[in-house]
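Reviewing the structure listed below.
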Amino acid sequence: MSKALDGVRILDFTHVQSGPTCTQLLAWFGADVIKVERAGAGDITREQLRDIPDVDSLYFTMLNHNKRSITIDTKNPEGKQVLETLIQKCDVLVENFAPGALDRMGFTWERIQELNPRMIVASVKGFGPGPYEDCKVYENVAQCAGGAASTTGFDDGPPVVTGAQIGDSGTGLHLALGIVTALYQRTQTGRGQKVLAAMQDGVLNLCRVKLRDQQRLERTGTMKEYPQYPNGQFGEAVPRAGNASGGGQPGWILKCKGWETDPNAYIYFITQAPVWAKICNVIGKEEWATDPDYVTPAARLPRLKDIFAEIERWTMTKTKFEAMQILNKYDIPCGPILSMKEIAEEPSLRKTGTIVEVDHPTRGRYLTVGNPIKLSDSPTEVKRSPLLGEHTDEVMTELGYSPEQISALRTAGAI
Ligand code: CAO
């Protein structure tokens, strides 16, 4: 079966997490992704957080599936020429170097345009133009600067970063969308363009409900679904909301049976208005279904803490899975707090390809996430990540280099 991005060739100049997330997605959709790495070293994540000596780390393997790896020293004049040939043959260059690194290498936007006016140059940077544009940025810096940290955690504690890699993987996702959009526009204009996804912007995009709340707070001085209401204090900025839901249906995380010893014996419980009467029945508080103090969402808002405490008295008598089963029968929205162990072992996620097992020549079998986006006409087959420089000869031959030229470039340290 053909793939959605068949025929699209990507010069993948990315490293660490944000850029590789983007190019891995494009590879999963069928693009030919050629990862350019420094000879002898490669992407730094190959050796970071290793669990097996001298074997590519899971950090690397889980971000670089379905790609080919070629080594080029792009600071060597002959290596630079190889990169120029690649630029002429590819549709998209994706990079997430520190600001200015590509220019310093001699590959300015103007130079790339000279070489290939159809080329799309896509970049992840920490910040867009402005006071921080020259900064190097990692995940948690973006979470802090994009508004996630100041709005995550509990009111009486410090800002907290989330385990979801919204700065890195989130921005990679944004960039991938920018790239396919630019490819689509190119079908009409015939021209390439620059695509920029700044990590601060990507995080803020994912935190937009908090910018919504900032304006609500400024207008009304309060937010009734926040845990600070009615007894706490609101300041000038959106406060940390604990586990309150970001939407109009109040929710909270509640203990389930076994919470004393199992750190994940919890459930997220949403008191959705249309099922309020059913919630009252399930927890044995039938009288709340008609009591004027509880019957409307507005009446419930100042009492949320007590309401959740009462619901928790019920959830603590059930395991999270028993609670799920009962609540789902009544269409009461809820979600078990799943540990990574439980997710890794979940058969339905294996069945859909959301979690896959991959074989690797030096690592053996390992688990990874598959493509979370399922296209009915372009199914994803997850293939192992390449070894460093595994495809150098293959790609060089496709670019028109003879075995003698390849060997000479290798001797000169260019590839
Ligand atoms: N051959 C020769 N040199 C190469 C090369 C190759 N194949 N590939 C890269 N290089 C060189 C670059 O030319 C650059 O050299 P100069 O600094 O002399 O110009 C250097 O390697 C790249 O370095 P860097 O500054 O990008 O890398 P770093 O480890 O110091 O910083 C990071 C890493 C992530 C902080 C930085 O790249 C960055 O801020 N990127 C943008 C934001 C981003 O993507 N952050 C997410 C990181 S986690 O996903």
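In what follows, residues are counted from 1 in the order of the sequence shown. Indexing begins at 1, ligand by ligand and atom by atom, following the structure's order.
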Exercise. Search all heavy atoms of Thr108 against all heavy atoms of Asp103 and return the closest pair with its distance.
Key: CA-OD1, 3.6 Å
Self-check item: Proximity winner for atom 33 (C) of ligand 1, if only heavy atoms of Tyr138, Phe107, Phe127 are counted
Solution: Tyr138
Self-check item: Closest approach of any protein heavy atom to atom 46 (C) of ligand 1, naming residue and atom
Solution: Asp168 OD1, 3.3 Å
Quiz prompt | atom 44 (O) of ligand 1: any protein heavy atom closer than 4.0 Å | solution = yes
Quiz item: Can you check whether Asn64's main-chain N or O pairs, donor with acceptor, with Gln24's side chain at less than 3.5 Å?
Solution: yes
Quiz item: Do you see a donor-acceptor pair shorter than 3.5 Å between the side chains of Glu218 and Gln214?
Solution: yes
Quiz item: Which option, Glu37, Lys136, Met105, Lys80, owns the non-hydrogen atom nearest atom 25 (O) of ligand 1?
Solution: Lys136
Self-check item: Option from Ile70, Thr392, Asp12, Val395 for which side-chain contact (heavy atoms from CB on, under 4.5 Å) with Val36 holds
Solution: Ile70
Quiz prompt | From Thr74, Thr171, Val124 - option closest to atom 3 (N) of ligand 1 by heavy atom | solution = Thr74
Quiz item: Could you state the interatomic distance from OG1 (Thr315) to NZ (Lys320), rounded to the nearest 0.5 Å?
Solution: 12.5 Å
Quiz item: Do Gly126 and ligand 1 have an N or O pair less than 3.5 Å apart?
Solution: no
Exercise. For the residue pair Lys67 and Thr23, confirm or rule out a side-chain donor-acceptor distance under 3.5 Å.
Key: yes
Self-check item: Test applied, side-chain hydrogen bond (donor to acceptor under 3.5 Å, both in side chains); reference residue, Glu398; option that passes from Arg68, Arg9, Lys89
Solution: Arg68
Self-check item: Polar atom proximity, Ile72 to ligand 1 (N or O, under 3.5 Å)
Solution: yes
Quiz item: Sub-3.5 Å donor-acceptor pair from the side chain of Asn116 to the main-chain atoms of Cys90, do we have one?
Solution: yes
Quiz item: Who's the nearest protein heavy-atom neighbour of atom 21 (O) of ligand 1, and how far?
Solution: Arg38 NH2, 2.9 Å
Quiz item: Do the side-chain N and O atoms of Gln185 and Gln193 include a donor-acceptor pair separated by under 3.5 angstrom?
Solution: yes
Practice problem: Using a strict cut-off of 4.0 Å, indicate which atoms of ligand 1 neighbour a heavy atom of His15. | Solution: 26 (O), 27 (O), 33 (C), 37 (O)
Exercise. Could you tell me whether some N/O pair between Val137 and ligand 1 is separated by less than 3.5 angstrom?
Key: yes
Quiz item: What are the atoms of ligand 1, with element, lying closer than 4.0 Å to any heavy atom of Gln17?
Solution: 48 (S), 49 (O)
Quiz item: Is Lys80 salt-bridged to Glu84, going by a charged N under 4.0 Å from an acidic O?
Solution: no
Practice problem: Show which atoms of ligand 1 fall inside a sub-4.0 Å distance from at least one heavy-atom site of Asp73. | Solution: 1 (N), 2 (C)
Quiz prompt | atom 8 (N) of ligand 1 [closest protein heavy-atom partner, distance rounded to 0.1 Å] | solution = Phe97 CZ, 3.7 Å
Practice problem: Would you mind telling me if ligand 1 is within reach of the side chain of Leu102, the backbone, both or neither, using heavy atoms under 4.0 Å? | Solution: neither
Quiz item: Tell me: protein heavy atom nearest atom 26 (O) of ligand 1, and distance?
Solution: Ala98 N, 2.8 Å
Quiz item: Side chains of Glu95 and Ser123: do they bring a donor and an acceptor to under 3.5 Å?
Solution: yes
Practice problem: Pick, from Arg104, Lys75, Gln165, the option with the minimum heavy-atom distance to atom 15 (O) of ligand 1. | Solution: Lys75
Quiz item: In terms of residue, atom name and distance, what is the protein heavy atom nearest to atom 40 (N) of ligand 1?
Solution: Asn96 O, 2.9 Å
Exercise. Measure the distances from the heavy atoms of Glu139 to every atom of ligand 1 and state whether one is below 4.0 angstrom.
Key: no
Exercise. Please step through side chain to side chain contact (heavy atoms under 4.5 Å, CB included) for the pair Glu342 and Phe321, ending with a clear verdict.
Key: CA-CA 12 Å; Glu342 288 165 330; Phe321 297 114; 4.0 Å; yes
Practice problem: Just jot down the ligand 1 atoms closer than 4.0 angstrom to any heavy atom of Ser18, in number order. | Solution: 43 (C), 44 (O), 46 (C), 49 (O)
